[in-house]
Amino acid sequence: MEAPQYVAARVQAALAEDGRTHELGIRVDIRGDQLFLRGQVSGAEQRERLGLVAHEAAPDLRVHNEIMVVEFTEPGEDEHLD
Amino acid sequence: MTELRIAAVGDIHLGEDVRGQYRKHLEGIEERADVFMLTGDLTRHGTLEEGRLVAEELRGLPVPTIAVLGNHDYHSDLQYEIAAALRDAGVIVLHDDGVVIQCGEVKLGVVGGKGFGGGYAGKCASEFGEREIKNFVAHTRYIAESWKVALKEMTADLKVVLSHYSPIKETLEGEPHEIYPFLGSYLLAEAVDTAGADLILHGHAHKGSEKGMTPGGIRVRNVALPVLGRAYAVYCLGENGAC
Ligand SMILES: [Fe+2]
Ligand SMILES: [Fe+2]
């Protein structure tokens, strides 16, 4: 059986290199037959695409998509640099 | 000289599914800031469609807008075409060069470009060994040298450096140490410290932290959108007082 570290690395490379996602900062962890995705993205669609690409790269594992969609707020307080 | 208010953000990574959404947050920017700066990774895949979408999102803003591109904007080898689309929309795009603009009473000089990696003093790549490694380091050196020259040849009341990659480690805090050499290079900081500037803005490190300083004491801010958690930051430079 392939070592889980190599599978995780392959999934991570797929998330970065696949034209549908190109997401670099996603953490991939494998425990047994479970695959966990963690990180932050800017939209719900991107999160779903990442789950799909991860599933395709490791079809035998059960994907837990724990990626968060970050919402950003209106600009806040100014910083004075003097 | 009066105070200058700089709005800044990076890594907006726009795509079709979020068209029009970022623009909404720029509403009223002229009341908060005198100039708007973007530190690259404006697109996701660097396609021309995305580049044009970003250009539309930034078109006709009521304050001067200056941008550099990021590694994502280079992914499809269409960086020049993307820059052209942005320029067509009125955005000033820097590519290892500089520009001086008049902001009210302040003559503002901005120098910058994408920057590149290599790591930080003591733990970095050097121009030694295989051709591939030499090319990697030489690329960063060339960029740092260009910025140094552009800063030295510039007369301005205030000088700001725009980069995508980080010139220092402090603003990477939160990123895994193993990837630091891919997040920036101390050569960029060294060049700016040598030539002098008032502020360095960068992005790229989505999990990094906002505030840091070069060894020479120049303030550095990581304005990657996920780091800021807000549409843009505003930094006030120059004479102190209310802005
Ligand atoms: Fe980015
Ligand atoms: Fe980047």
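In what follows, every chain begins at residue 1, and chains take the letters A, B, ... in the order their sequences are listed.
Proximity to chain A (any heavy atom under 4.5 Å) is restricted, for B:R219, to the side chain, taken from C-beta onward. Only the side chain of A:Q40 has a heavy atom closer than 4.5 Å to any heavy atom of chain B. The part of B:L199 that comes within reach of chain A is its side chain, from C-beta onward, which places non-hydrogen atoms under 4.5 angstrom from that chain. When heavy atoms are compared at a cutoff of 4.5 Å, B:K24 does not approach chain A at all. Contacts between B:D41 and chain A at a heavy-atom distance below 4.5 Å are absent for every atom of the residue.
Within 6.0 Å of atom CZ in B:R23, more than 12 heavy atoms from other residues, nucleotides or ligands are found, so the atom counts as buried in its surroundings. Open room surrounds CD on A:E77; 12 or fewer heavy atoms of other groups in view lie less than 6.0 Å from it. Counted within 6.0 Å of NE2 on A:H64, heavy atoms from surrounding residues, nucleotides or ligands total more than 12; the atom is thus considered enclosed. Within a 6.0 Å sphere centred on CZ of B:F136, other residues, nucleotides and ligands contribute more than 12 heavy atoms.
Each of B:K207, B:H75, B:H13, B:H206 has some count of heavy-atom pairs under 4.5 Å with chain A, and the biggest count is that of B:H75.
Taking CZ of B:R221 as the start and CD of A:E79 as the end, the distance is 4.0 Å to the nearest 0.5 Å.
Counting all heavy atoms, side chain and backbone alike, B:H45 lies closest to A:T21 at NE2-O, 3.8 Å. Of all heavy-atom pairs spanning B:H25 and A:T73, the tightest one is ND1-O, 4.4 Å. Across A:H80 and B:E3, no two heavy atoms sit closer than the pair ND1-OE2, 3.3 Å. Contact detail for A:H22 and B:R44: the closest heavy-atom pair is CB-O, 4.1 Å.
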Determine, stepwise, if the pair B:H72 / A:L24 fulfils side chain to side chain contact (heavy atoms under 4.5 Å, CB included).
CA-CA 10 Å; B:H72 281 249; A:L24 299 168; 3.4 Å; yes

